[in-house]
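So the structure is just underneath, and the comments pick up after that.
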Amino acid sequence: MADTSDIRTPAQIEADIKRRREVLAETLDEIGVRVHPKTIMGDAKAKVASSVDHTLGRAYVQVNRVVSDVKSQFVDEGGAPRLERVVPVALVVVAAVGLLTLGTRRRKG
């Protein structure tokens, strides 16, 4: 006895061919979009931007940590300045500015 479940009408075969053509056309369109130079450049730009954002984020965290460490050297837990550390640094800064000012005046004069 012949198996009749595999028998299709010409209309069914044509419909199947049409459906497969549409799927193939969609696939080719998608491939065309993926390999288009604008798409490739856009993907590359997005990767670079993501990498830069990630690097900047890490740098921000690192700088924030350093600033907090430095701040903790000059301010106590209550927020008051540690004069035993602030005054010597301030004197060094004033002396450096004074020396630079004197050096500049001597060159002009």
Side-chain angles (χ1 to χ4, degrees):
M1 183 171 193
D3 186 13
T4 59
S5 64
D6 288 340
I7 299 173
R8 297 186 301 167
T9 67
Q12 290 171 327
I13 294 171
E14 287 177 12
D16 188 39
I17 291 171
K18 182 179 177 183
R19 183 183 54 78
R20 288 178 187 235
R21 281 185 182 155
E22 290 170 355
V23 169
L24 181 60
E26 289 176 15
T27 303
L28 290 174
D29 288 344
E30 184 178 326
I31 290 171
V33 169
R34 285 184 183 180
V35 299
H36 194 277
K38 285 185 180 180
T39 303
I40 293 170
M41 286 301 294
D43 290 347
K45 286 179 183 178
K47 285 181 183 178
V48 168
S50 174
S51 177
V52 168
D53 286 346
H54 180 71
T55 302
L56 288 176
R58 288 178 55 191
Y60 175 79
V61 168
Q62 192 67 17
V63 167
N64 197 19
R65 185 177 297 135
V66 169
V67 168
S68 294
D69 290 345
V70 169
K71 182 179 175 183
S72 71
Q73 296 296 316
F74 295 99
V75 178
D76 64 15
E77 295 80 19
R82 294 182 177 184
L83 294 179
E84 71 277 4
R85 292 187 181 169
V86 172
V87 171
V89 171
L91 290 175
V92 168
V93 169
V94 168
V97 169
L99 288 174
L100 289 173
T101 303
L102 284 175
T104 304
R105 284 188 182 175
R106 284 187 183 170
R107 288 184 199 153
K108 288 182 181 180

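Once rounded to the nearest 0.5 Å, the distance linking CZ of Arg34 with CG of Asp29 reads 12.5 Å. One distance of note links CG of Leu99 with OG1 of Thr104; it measures 10.5 Å at 0.5 Å rounding. Atoms CD and CZ, on Gln73 and Arg82 in that order, are 6.5 Å from each other to the nearest 0.5 Å.
Cluster annotation: Phe74 is connected to Val66 through the hydrophobic network of ILVMFWY side chains, with a link wherever side-chain heavy atoms come within less than 4.5 Å. Both Val48 and Leu56 belong to a common hydrophobic cluster when Ile, Leu, Val, Met, Phe, Trp and Tyr are linked at side-chain heavy-atom distances under 4.5 angstrom. Both Val70 and Val86 belong to a common hydrophobic cluster when Ile, Leu, Val, Met, Phe, Trp and Tyr are linked at side-chain heavy-atom distances under 4.5 angstrom.
With sequence neighbours excluded, the residues forming a side chain to side chain donor-acceptor pair (under 3.5 Å) with Arg19 are Asp16, listed by chain and number.
For residues 41-59, the set of pairs meeting the side chain to side chain donor-acceptor pair (under 3.5 Å) definition, not counting sequence neighbours, is empty.
Taking the side chain as every heavy atom from C-beta outward, Val35 and Thr39 never approach each other to under 4.5 Å. Residues Gln12 and Thr9 meet the side-chain proximity criterion, which asks for heavy atoms closer than 4.5 Å. Considering only heavy atoms from C-beta on, Arg65 comes within 4.5 Å of Asp69 through its side chain.
Contact check on Glu14 versus Lys18 returns no salt bridge, with no Lys/Arg side-chain nitrogen under 4.0 Å from an Asp/Glu carboxylate oxygen.
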Does the pair Ile17 and Arg21 meet the rule for a side-chain contact (heavy atoms from CB on, under 4.5 Å), with working shown? CA-CA 6 Å; Ile17 291 171; Arg21 281 185 182 155; 3.9 Å; yes
